[in-house]
Amino acid sequence: MMAGECKEYLFKVLVIGENGVGKTCIIRRYAHQLFSENYRVTIGVDFSLKVINWDSSTSVRLQLWDIAGQERFGNMTRVYYKGAVGAFVVFDLTRAYTFEAVTKWKEDLDCKVKLPDGRPIPTVLLANKCDQKNKYTDFFLDNFCQEAGFLGWFNTSAKENINVEKAGQFLVERILENT
Ligand code: GTP
Ligand code: MG
């Protein structure tokens, strides 16, 4: 690269998963360093921007699409997913059925959005509310991710600020590999 040359990327990243798993809280933590216990259900979709000075010559703008859990039963996900280059699928460690729904979210994602070369977009699994419960073994989640096509997983807590930044870094690294 020539001296002084700077790269600026804009990446659309989806955050999906069942109602109340903590998608909005994770995004608020990641983009704004805020957390609140008050649950306000997301209607449709919300957006946040996270700007990352990746290195001395690279800046990354993440456009985070916070998609309401109930949208899995709607017809809009194809529209929302369009142009995304990465995704987080979130479940709630305190509610088993939210983990069971992960596969459905992943399948919905993979059949509606792909990278330009046809590969699935890089996707990371987030086991949220790890401040409350930690019920799945590393071995189990490693295997699950391999079978379901996730690049990896993190135990996260939006509340206690555990691994949110780390998961973001991990996904951005994978996205940059595709540029
Ligand atoms: P929808 O918008 O309905 O799809 O839900 P969501 O996935 O956006 O969930 P939201 O972020 O609104 O969080 C739901 C509830 O879980 C809120 O009451 C949060 O305070 C709580 N919550 C979110 N993250 C955490 C966490 O890491 N730990 C704990 N203990 N509670 C959390
Ligand atoms: Mg929400």
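Remember, it's 1-based here, ligands and their atoms both numbered in the order they're listed. In what follows, residues are counted from 1 in the order of the sequence shown. Here the structure is a predicted model, which is why all the values come from computation and not from measurement.
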Checklist line | Sorted by chain and number, the residues that approach ligand 1 to under 4.0 Å with a heavy atom | finding: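 Within 4.0 Å of ligand 1, the protein residues are Glu18, Asn19, Gly20, Val21, Gly22, Lys23, Thr24, Cys25, Phe35, Ser36, Glu37, Tyr39, Val41, Thr42, Ala68, Gly69, Asn128, Lys129, Asp131, Gln132, Ser157, Ala158, Lys159.
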
Next item on the list: Assess the side chains of Thr123 and Lys106: does a donor N or O sit below 3.5 Å from an acceptor N or O?
Entry: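 Per modelled atom types, Thr123 and Lys106 side chains form no pair under 3.5 Å.
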
Item checked: Flag for Asp92-Thr98: side-chain donor and acceptor within less than 3.5 Å ->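 There is no such pair (donor and acceptor under 3.5 Å, judged by atom type) between the side chains of Thr98 and Asp92.
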
Check: Cluster question for you: counting only ILVMFWY and a side-chain heavy-atom cut-off of under 4.5 Å, with indirect links fine, are Val102 and Ile67 together?
Finding: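 In one cluster with Val102: Ile67, yes.
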
Notebook entry, point to check: Can you get from Phe88 to Ile121 by hopping between Ile, Leu, Val, Met, Phe, Trp and Tyr side chains that sit under 4.5 Å apart?
Noted result: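 Unlinked, Phe88 and Ile121 end up in two clusters.
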
Next item on the list: Using the side chain to side chain donor-acceptor pair (under 3.5 Å) rule, take Thr42 and Lys23 through it: C-alpha gap first, then chi angles, then the decisive distance, then the call.
Entry: CA-CA 9 Å; Thr42 305; Lys23 300 178 297 293; over 6 Å; no

Item checked: Exam field: side chain Arg29 to backbone Lys159, donor-acceptor pair closer than 3.5 Å ->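 A pair under 3.5 Å: yes.
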
Margin query: Could you check whether any side-chain N or O of Asp46 sits under 3.5 Å from a backbone N or O of Asp66, counting only pairs where one atom can act as donor and the other as acceptor?
Written below: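 No, because the side chain of Asp46 does not come within donor-acceptor range (under 3.5 Å) of the backbone of Asp66.
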
Checklist line | Distance below 2.8 Å from the Mg ion (ligand 2): protein N/O/S atoms | finding: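 Per the 2.8 Å query on the Mg ion (ligand 2), atoms found are Thr24 OG1, Thr42 OG1.
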
Would you list the atom pairs, donor with acceptor, under 3.5 Å between side chains in residues 134-145 and any protein atom, with sequence neighbours excluded?
| from | atom 1 | to | atom 2 | distance (Å) |
| --- | --- | --- | --- | --- |
| Thr137 | OG1 | Phe140 | N | 3.0 |
| Asp142 | OD1 | Trp153 | NE1 | 2.8 |
| Asn143 | ND2 | Phe139 | O | 3.4 |

Next item on the list: If a pair satisfies salt bridge (charged side-chain N to carboxylate O under 4.0 Å, His left out) and one of its residues is in residues 161-179, list it, with sequence neighbours excluded.
Entry: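 Listed by first then second residue: Lys50-Glu165, Arg174-Glu177.
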
